[in-house]
2 protein chains.
Amino acid sequence: MGTALGLMRKKGYLNTSMRDIASSVNMEAASLYNHIKGKEEILIDTCFGLAETLEMGIKEVNDIYFNAAEKLAMAIHNHIQALTQDLNASHLFVHEWRHLSDDKRAQFIQRRDLYEKEFRDIVILGFEEGEFKNVDPKFATLTILASLNWVGEWYRPQGDMEPKEIAQKLTQFILSGLQKN
Amino acid sequence: MGTALGLMRKKGYLNTSMRDIASSVNMEAASLYNHIKGKEEILIDTCFGLAETLEMGIKEVNDIYFNAAEKLAMAIHNHIQALTQDLNASHLFVHEWRHLSDDKRAQFIQRRDLYEKEFRDIVILGFEEGEFKNVDPKFATLTILASLNWVGEWYRPQGDMEPKEIAQKLTQFILSGLQKN
DNA sequence: ACAAAACTAACTAACACTTGTTAGTTTTCC
DNA sequence: GGAAAACTAACAAGTGTTAGTTAGTTTTGT
């Protein structure tokens with residue numbers, strides 16, 4: 001069902017009809033119901049699937065590293081890997097989760113907040129180590145995640161920057177900023 | 001028509017029907033057409049209105065300051081002021097412009113790219129001055145703008161951080177990052 | 001000043017179309 | 001032969017928008 005995700009990224013979830021999806025695979029809309037329960041299943045599976053990948057990524061980070069700078073670098077790397085691996089899925093994850101039904105949306109937000117907290121803990125750890133500045137952790141985390149999630153908007157697989165390089169530059173940027181010294 | 005923007009922010013542009021908008025102001029859908037040409041006009045006016053505000057903001061920056069660090073600080077400040085001034089409009093500007101009709105969307109993207117270029121020129125200027133690192137300007141600009149635009153997602157007018165303070169922290173973060181030294 | 005005309009902004013009703021989904025039927029494949 | 005997967009047809013609801021009308025207000029001409 002990858003082509004459905006492509007359509008949804010291009011036209012938006014709400015703007016993509018079951019008939020659109022069907023005709024993109026030379027079918028009738030009704031036939032899709034032999035494979036999925038309904039339109040929302042696509043959104044649910046995609047959003048929660050990527051959520052799981054990201055959660056595994058951040059768990060791995062905490063298992064391996066001990067200091068904040070290394071943790072952050074690997075967390076960023078894993079996040080970018082997950083996002084760039086399927087841009088169509090990323091789009092649904094970053095933008096279209098709003099259109100999940102009420103209960104699913106609540107679940108999604110909860111998991112998202114938990115993931116955010118893992119990042120925030122790294123920022124806090126860095127301060128406790130004396131390595132990071134005494135910034136507002138919530139503010140810093142939101143700003144970091146904004147930068148990461150936006151990568152899905154401009155990254156192109158055949159472009160001149162690979163995910164690994166993007167992650168590395170982002171880490172550099174987030175750790176030491178734009179200014180010299 | 002501010003309540004229409006509120007609905008569109010809450011439910012999404014496509015998910016907000018003319019009947020929704022009408023009943024939020026105790027009217028019939030047809031009556032709205034005495035005031036606006038159609039649903040898209042709301043999206044057009046909002047997206048291009050905010051675009052104009054932002055363009056004026058960046059023009060002002062270039063009129064007043066000469067060095068890159070000051071320019072960047074004021075550009076960030078103006079951007080945050082514009083976005084936080086009307087969160088409903090910001091949401092349409094950041095997320096829903098995709099649903100503009102083809103020609104309007106093309107115009108919008110063009111102006112957006114131009115605005116992006118103004119930011120990029122500041123980054124480049126900073127390098128030429130010897131004040132900024134030799135980063136990839138396109139990458140840096142996209143990352144910066146991602147951080148700025150995301151503010152609309154978490155900023156709350158009655159919250160504990162004012163736009164001015166947000167802009168200041170963002171500038172600090174972008175210029176010198178998270179790490180000490 | 002006052003009737004006539006024009007304008008504003010609301011209404012009801014309807015049009016033509018699209019939406020996600022279901023039921024029932026036929027085809028395909030092993 | 002029987003399950004999997006396609007089909008046709010239809011449903012009930014919702015979509016943006018237009019037409020035609022009506023009441024109340026404002027502008028105009030004499």
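Computed from a prediction, not measured in an experiment: that's the story for all the values here. Each chain gets a letter, A, B and so on, in the order its sequence line appears, and its residues count up from 1.
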Quiz item: Between NE2 of His79(B) and CG of Leu145(B), what distance do you get to the nearest 0.5 Å?
Solution: 6.0 Å
Quiz prompt | Lys133(A) side chain vs Ser176(B) backbone, donor-acceptor pair below 3.5 Å | solution = yes
Exercise. Measure from the side-chain N and O atoms of Glu40(B) to the backbone N and O of Ser101(B), and report whether any donor-acceptor pair falls under 3.5 Å.
Key: yes
Self-check item: Euclidean distance, atom CE of residue Met18(A) to atom P of dA10(D) [Å, nearest integer]
Solution: 21 Å
Practice problem: Measure the spacing between CD of Gln172(B) and CZ of Phe139(A) and express it to the nearest 0.5 Å. | Solution: 9.5 Å
Practice problem: If a pair satisfies salt bridge (Lys or Arg N to Asp or Glu O under 4.0 Å) and one of its residues is in residues 158-168 of chain B, list it, with sequence neighbours excluded. | Solution: Glu165(B)-Lys169(B)
Quiz item: Between dT19(C) atom P and Asn15(A) atom CG, what is the distance in whole Å?
Solution: 8 Å
Quiz prompt | DNA chain D contacts among residues 29-42 of chain A, heavy-atom distance under 4.0 Å | solution = Ala30(A), Ser31(A), Asn34(A), His35(A)
Quiz item: Of all residues at least two apart in sequence or in a different chain, which pass the side-chain contact (heavy atoms from CB on, under 4.5 Å) check with Ala68(A)?
Solution: Ile122(A), Leu125(A), Glu129(A), Phe132(A)
Exercise. With DNA chain D as reference, determine whether Arg19(A) or Glu28(A) sits nearer its 5' end, using the nearest nucleotide of each.
Key: Glu28(A)
Self-check item: Interatomic distance, Leu14(B) CG vs dT18(C) C1' [rounded to whole Å]
Solution: 13 Å
Self-check item: Distance in angstrom units between Met27(A) CE and dA4(D) P, rounded
Solution: 15 Å
Quiz item: Rounded to whole angstrom units, what separation is found between the CG atom of Asp20(B) and the P atom of dT15(D)?
Solution: 6 Å
